[in-house]
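Inspection log for the structure reproduced underneath, given as structure tokens.
These values consider heavy atoms only, across backbone and side chains, with no hydrogens, waters or symmetry-generated copies.
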Amino acid sequence: IESLQFFLLLISLKVLSTAKVYIEFQESTVRFNDIIAYRYMFVTNVIGLEYTFLQIALSIFHVIMRNHLIVSGDGGILLDFYGDKVISYLLAIGAAAGFGATENWKATFDAFGVDKSFDMKGYASASLLLLAFVCTAILSVISYALPKKV
């Protein structure tokens, strides 16, 4: 699930970073970083990618060395659990900000007859971020419940 989460976040970041639209009557280009909510979505995406990469690296270390790098016992499990919770909430808020911004800008761009690709990229990126949130939420449950069963 971590690798799926990583790829969802990576694709979401790529889609968002390529979002731009040319507004003919103003002779200007609007990019994703011109919209504050998209900047927030971008930052949460990057934080999610960094956390996921760290988790994958720690999992590989754990498999190879057969011990925990940071904390042994229940401390490592709790660290994974709470880390997953914090990141999942960040991703959910980032996705919500992306959906809201896209909906607001869609009305503005529709009024001026601007290309719909900007809207579609905003929705696609927010949707992928939302799916990454679901993966993180599932991982938080697995990271806490599975070691108790084993």
Between Arg39 and Asp34, the two heavy atoms sitting closest are NH2-O, 4.4 Å
Crowding at NZ, Lys85 (>12 non-hydrogen neighbours, <6.0 Å):
yes
When clusters are formed by joining ILVMFWY residues with side-chain heavy atoms under 4.5 Å apart, either directly or through shared neighbours, do Leu8 and Tyr51 land in the same one?
no
Are Phe6 and Val43 connected in a single hydrophobic cluster, I mean Ile/Leu/Val/Met/Phe/Trp/Tyr linked by side-chain heavy atoms less than 4.5 Å apart?
yes
Side chain to side chain contact (heavy atoms under 4.5 Å, CB included), that's the test. Do Asp110 and Lys116 meet it? Break it down for me.
CA-CA 8 Å; Asp110 286 348; Lys116 301 232 184 253; 2.6 Å; yes
With rounding to the nearest 0.5 angstrom, report the CG to CD distance, Asp84 to Glu2.
7.5 Å
Closest approach of Ala97 to Ala37 (non-hydrogen atoms, all atoms of both residues)
O-CB, 3.7 Å
Supply the atom-to-atom distance Phe42 CZ to Phe32 CZ, rounded to the nearest 0.5 angstrom.
4.5 Å
Joint cluster assignment, Leu139 & Leu9, ILVMFWY side-chain distance < 4.5 Å
yes
Check Lys121 against Thr18 and note the closest heavy-atom contact, atom names and distance.
NZ-O, 3.2 Å
Which atom of Tyr123 lies closest to which atom of Lys106, heavy atoms considered:
OH-CD, 3.9 Å
CG-CG distance between Leu16 and Leu129, expressed to the nearest 0.5 angstrom:
9.0 Å
Using side-chain contact (heavy atoms from CB on, under 4.5 Å) as the criterion, point out the one residue from Thr136, Ile47, Asn45 that pairs with Leu90.
Ile47
On a heavy-atom basis, the closest approach of Lys20 and Ser117 is O-OG, 4.5 Å
Please check if Met120 and Trp105 belong to a single hydrophobic cluster, counting links between Ile, Leu, Val, Met, Phe, Trp and Tyr side chain heavy atoms closer than 4.5 Å.
yes
Rounded at 0.5 Å granularity, tell me how far OG in Ser140 sits from OH in Tyr89.
7.5 Å
Nearest 0.5 Å, what's the CG-OG1 distance between Leu13 and Thr44?
9.5 Å
Provide the closest heavy-atom pair for Thr52 versus Gln5 in the form atom of the first, atom of the second, distance.
OG1-NE2, 2.9 Å
Sequence-distant partners of Leu130, side chain to side chain contact (heavy atoms under 4.5 Å, CB included), two or more places apart:
Ala95, Phe99, Phe133
Donor on one side chain, acceptor on other, Tyr38 and Thr102, under 3.5 Å:
yes
Do Ile56 and Leu10 share a hydrophobic cluster (ILVMFWY, side-chain heavy atoms under 4.5 Å, transitive)?
yes
Within this structure, what is the CG-CG distance for the pair Leu131 and Leu91, rounded to the nearest 0.5 Å?
11.0 Å
